[in-house]
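The next block holds one structure in the form of structure tokens; read it before the comments.
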Amino acid sequence: MSGNCGGIDNKSVGKRMREMRESNGLTQEEMAEILGVNPNAVRAYERGEYGISKEVMTRIRNHFHVSIDFLLYGAGNDWDYLLLQIENASEENKMKALMRLVFYFVRDKRKSYSRETQDAILDDGMKNLLGDIGNGLV
């Protein structure tokens with residue numbers, strides 16, 4: 001947030017808009033179409049020349065699955081931002097994220113089971129979850 005007593009920093013909002021647009025491989029013209037504005041408005045938003053309307057904020061939230069707090073202040077619901085990142089990730093990176101989550105949740109079981117049992121549980125779980133593509137991932 002900017003140092004202007006809780007106000008909205010249009011330059012920061014514009015920077016986040018540009019990052020969302022670029023991370024989705026969109027041109028300013030494509031972004032303008034999504035937002036229902038002309039390309040000059042997108043350029044002005046991204047430069048922070050003026051603030052975005054409630055309607056445009058709503059379109060950004062709905063299209064990019066980010067919270068308004070994230071858009072305006074760079075904070076807010078981390079879950080929304082995480083889902084956005086996963087949604088826009090490559091299939092390989094989605095698989096890596098899934099594996100990290102599996103290991104995160106399995107980590108607590110280490111206290112209860114031997115290493116061999118942990119490996120067997122994880123291997124069986126991955127086979128059940130992923131079928132043939134789960135073989136050899138663990």
**Message:** Could you go through Glu49 and Asn10, starting from their C-alpha distance and side-chain angles, then the distance that decides it, and tell me whether this counts as side-chain contact (heavy atoms from CB on, under 4.5 Å)?
**Reply:** CA-CA 7 Å; Glu49 292 175 0; Asn10 290 335; over 6 Å; no
**Item:** side chain to side chain donor-acceptor pair (under 3.5 Å) involving Arg21 - partner list, sequence neighbours excluded
**Value:** Glu46
**Minimum heavy-atom distance between Ala32 and Pro39, given as atom pair plus value** = CB-N, 3.6 Å
**Prompt:** Considering the options Asn24, Leu35, Ile34, Thr58, which one meets the side-chain contact (heavy atoms from CB on, under 4.5 Å) requirement together with His63?
**Reply:** Ile34
**Request:** Using the ring pair (Phe, Tyr, Trp, His ring centres under 6.0 Å) rule, collect all pairs that involve residues 28-52, keeping only residues at least two apart or in two chains.
**Result:** Tyr45-Tyr50
**Message:** According to salt bridge (Lys or Arg N to Asp or Glu O under 4.0 Å), does anything in residues 25-35 pair up with another residue at least two apart or in another chain? List the pairs.
**Reply:** Glu29-Arg43
**Asked** In Å, rounded to the nearest 0.5 Å, how long is the span from CZ of Arg18 to CG of Leu26?
**Response** 14.0 Å
**Message:** One thing to verify: whether Lys96 and Glu92 come together as a salt bridge, which I'm taking to mean a side-chain N less than 4.0 angstrom from a carboxylate O.
**Reply:** yes
**Asked** Does a side-chain heavy-atom distance below 4.5 Å link Ile52 with Ile60?
**Response** yes
**Request:** Could you grab the distance from atom OG of Ser23 to atom CZ of Phe64, nearest 0.5 Å is fine?
**Result:** 7.5 Å
**Request:** Could you walk me through whether Arg47 and Lys11 pass side-chain contact (heavy atoms from CB on, under 4.5 Å), step by step?
**Result:** CA-CA 6 Å; Arg47 288 191 301 261; Lys11 288 192 183 290; 5.9 Å; no
**Asked** Are Arg16 and Glu19 ion-paired here, with the side-chain N under 4.0 Å from a carboxylate O?
**Response** no
**Fill in**
So CG of Asp9 and NZ of Lys15: to nearest 0.5 Å the spacing works out to 10.5 Å
**Prompt:** Does the side chain of Leu71 come within less than 4.5 Å of Met57's, by heavy atoms?
**Reply:** yes
